[in-house]
Amino acid sequence: MTGANDQKTAAVLTLGCKVNDVESGSLIAGLKTLGYTVKNEHCYADLYIINTCAVTAEAERKSRQAVGRALKDNANARVIVCGCASEHDPKAFSDKPGVFCVFGAKQKQRILEIVAGGFSPENAGVDFQPNPSGKAEQKTQEYDESPRPESMKTRNFVKIQDGCNRFCSYCIIPYLRGRSRSRKIESAAAEILESAAYETVVTGIDVSDYRDGDKDISDLLHAVRGAKTRIRFGSIEESMITPRFLQACKELNNFAPQFHLSLQSGSDAVLKAMNRKYTRAQYLEKCRMIYETFENAAITTDIIVGFPTETEADFEESLSIVKEAGFLQVHAFPYSPREGTVAAKKYKELPAAVKKERLSRMLSAAAQQKAAYLRGCIGKIYTVIPETTETDEENGKKTLYAGHAETYAKFYVENLRDKTPVQVRATALYKDGLRGETVRE
């Protein structure tokens with residue numbers, strides 16, 4: 001089965017988190033070695049690989065829709081499904097006409113073996129033993145050393161860890177991804193050191209649990225302290241913030257002091273019901289440590305509103321911590337029950353109207369705090385990596401370069417020659433970020 005001009009074509013379609021993006025990048029690299037021309041968007045192709053997400057019911061719905069859309073692009077294509085949604089409910093995908101094979105979240109690299117083997121009929125169907133929802137695996141897998149994704153010029157993502165041992169009461173991911181497992185420090189360090197991107201984001205399902213024998217994340221940072229690429233972390237847990245870790249960050253040649261420090265709730269009672277292993281006071285203490293270590297630090301976070309046990313008083317504590325912690329940005333979303341989790345079994349869901357109203361108030365509080373944080377940036381100098389261009393319609397249709405500073409604040413800058421990193425002074429609030437002017441040497 002071939003496309004135009006007998007060239008083998010594939011499309012790798014990704015839903016969900018940055019870890020999925022990295023894993024899709026690995027599949028793309030592998031497919032190219034097998035002679036495929038590969039795109040990461042909906043298009044006509046001979047082969048579609050759908051890398052699914054199950055973090056919410058909506059993510060699973062979109063994953064199923066992606067299969068249908070791919071077959072609309074080419075009804076005669078082969079479709080392979082993998083990822084968390086297919087691990088959670090493989091039958092929802094294997095029963096779809098046109099789907100050749102279904103994998104879970106932990107077997108993605110088997111796809112390359114099947115493609116290289118010519119899609120043998122015995123590989124059709126569900127090619128793994130699904131993990132029944134609600135039953136945690138006891139055995140720890142080895143970390144899967146997959147082909148490296150192709151290096152990007154602006155921003156690379158390097159995956160160093162997979163799986164999760166936390167079992168937050170609302171989260172299904174540990175049941176789908178399996179137990180925490182980490183990449184060898186030599187392998188992870190080599191990819192970071194060899195990164196040709198202006199910025200490299202270190203990511204995983206739970207980076208805070210990174211371990212290679214008796215070595216932890218601080219040891220990995222010591223191994224890459226001379227890296228030229230700017231190093232940023234994806235989402236981390238408050239347990240990762242220790243004096244040793246912060247000192248290792250400070251010793252890096254080029255570190256982005258933005259910490260996406262997962263919170264989920266500002267209420268101790270809700271945190272306990274969520275099985276989060278810290279209190280509000282402990283979280284705020286970690287914020288204090290970050291701000292004391294890095295003068296221009298930014299903290300971003302996730303907050304779930306409308307958790308089943310959340311009272312109005314609990315929610316007010318989440319609202320107040322937004323300002324108290326000084327967040328740059330809050331990713332707020334309503335609680336979504338996931339079948340098989342403790343919370344879904346134990347608690348009755350709050351009315352949708354309550355969740356909607358609280359989400360609106362949280363987003364408003366987050367927007368006010370973001371504006372306050374950005375106002376505090378005016379007059380300071382940052383290193384901005386330009387990423388895209390757009391037109392300033394209100395001021396003479398000037399071309400603006402948009403990109404992110406080390407804090408991940410978005411900047412809009414004019415009069416740049418190219419997209420290389422540039423020193424910029426923040427001058428004013430603008431759209432979802434800041435206007436800036438280049439600092440002349």
Mark yes or no for whether [X], through its side chain, and [Y], through its backbone, hold a donor-acceptor pair below 3.5 Å.
X      : Y      : answer
Lys8   : Leu31  : no
Ser364 : Ser360 : no
Thr301 : Leu261 : yes
Arg230 : Thr383 : yes
Lys419 : Glu387 : yes
Lys355 : Tyr335 : yes
Ser63  : Thr52  : no
Lys228 : Ala196 : no
Arg232 : Glu406 : yes
Tyr382 : Phe411 : no

Minimum heavy-atom distance [X]-[Y], with the two atoms named:
X      : Y      : answer
Ser86  : Val102 : CB-CG1, 3.7 Å
Ala344 : Pro337 : CB-CB, 4.4 Å
Pro334 : Leu359 : CD-CD2, 3.8 Å
Val99  : Phe93  : CG2-O, 3.4 Å
Ala54  : Ile172 : O-CG2, 3.6 Å
Gly433 : Tyr412 : N-CE1, 4.3 Å

Indicate whether any N or O donor in one side chain lies under 3.5 Å from an N or O acceptor in the other, for [X] and [Y].
X      : Y      : result
Arg280 : Ser320 : yes
Asp209 : Ser180 : yes
Ser267 : Glu310 : no
Thr311 : Asp314 : yes
Thr229 : Thr200 : yes
Ser336 : Thr56  : no

Asp212 and Lys184: salt bridge (charged side-chain N to carboxylate O under 4.0 Å, His left out), yes or no, with the steps?
-> CA-CA 6 Å; Asp212 179 11; Lys184 292 293 183 183; 3.6 Å; yes
Under the salt bridge (Lys or Arg N to Asp or Glu O under 4.0 Å) rule, what pairs show up with a residue in residues 283-293, not counting sequence neighbours?
-> Glu238-Lys286, Glu285-Arg288, Arg288-Glu292
Within 6.0 Å of NZ in Lys62, more than 12 heavy atoms from elsewhere = no
Count the heavy atoms belonging to other residues, nucleotides or ligands that lie under 6.0 Å from NZ of Lys431, then report whether that count exceeds 12.
-> yes
Are Val158 and Val22 close enough, and set up right, to give a side chain to side chain contact (heavy atoms under 4.5 Å, CB included), and what steps lead you there?
-> CA-CA 7 Å; Val158 174; Val22 176; over 6 Å; no
Phe233 and His260: CA distance, side-chain angles, deciding distance, side chain to side chain contact (heavy atoms under 4.5 Å, CB included) verdict = CA-CA 8 Å; Phe233 279 96; His260 190 82; over 6 Å; no
Taking only Lys NZ, Arg NE, NH1 and NH2, and the carboxylate oxygens of Asp or Glu, determine whether [X] and [Y] approach each other closer than 4.0 Å.
X      : Y      : value
Glu390 : Lys410 : no
Glu87  : Lys108 : no
Glu237 : Lys277 : no
Asp21  : Lys159 : no

Can you find a heavy atom in the side chain of [X] that is under 4.5 Å from one in the side chain of [Y]?
X      : Y      : result
Val322 : Ile303 : yes
Leu374 : Leu328 : yes
Cys82  : Ile111 : yes
Asp432 : Lys370 : yes
Thr154 : Glu199 : no
Cys84  : Arg177 : yes
Tyr373 : Thr407 : yes
Arg244 : Asp216 : yes

Stepwise, does the side chain to side chain contact (heavy atoms under 4.5 Å, CB included) test hold for Gln264 with Asp302?
-> CA-CA 6 Å; Gln264 309 307 354; Asp302 303 305; 3.9 Å; yes
Classify the ring geometry between Phe327 and Tyr283 as parallel (under 30°), tilted (30 to 60°) or perpendicular (over 60°).
-> perpendicular
Can you say whether the rings of His404 and Tyr408 are parallel (under 30°), tilted (30 to 60°) or perpendicular (over 60°)?
-> parallel
Full working for salt bridge (charged side-chain N to carboxylate O under 4.0 Å, His left out) between Asp95 and Arg64 | CA-CA 11 Å; Asp95 284 355; Arg64 293 190 295 271; over 6 Å; no
With a distance cut-off below 6.0 Å to the six-membered ring centre and an angular limit of 45° from the axis, does Arg78 pair with Phe119 as a cation-pi contact?
-> yes
Interatomic spacing from [atom1] in [X] to [atom2] in [Y] - rounded to 0.5 Å:
X      : Y      : atom1 : atom2 : answer
Arg358 : Glu316 : CZ    : CD    : 9.0 Å
Glu60  : Asp89  : CD    : CG    : 6.5 Å
Asp206 : Arg166 : CG    : CZ    : 4.0 Å
Thr341 : Tyr347 : OG1   : OH    : 10.5 Å
Asn275 : Tyr170 : CG    : OH    : 9.5 Å
Ile80  : Tyr48  : CD1   : OH    : 13.5 Å

Cut-off 3.5 Å, no hydrogens considered: what does the side-chain donor-acceptor table look like for residues 245-253, sequence neighbours left out?
{"residue": "Gln247", "atom": "NE2", "partner": "Glu251", "partner atom": "OE2", "Å": "3.1"}
{"residue": "Asn253", "atom": "ND2", "partner": "Ala227", "partner atom": "O", "Å": "3.1"}

Decide side chain to side chain contact (heavy atoms under 4.5 Å, CB included) for Val270 and Glu317; before the verdict, give the C-alpha distance in whole Å, the side-chain angles of both, and the deciding distance to 0.1 Å.
-> CA-CA 10 Å; Val270 175; Glu317 290 194 80; over 6 Å; no
Please check if the distance between the ring centroids of Tyr175 and Phe167 is under 6.0 Å.
-> yes
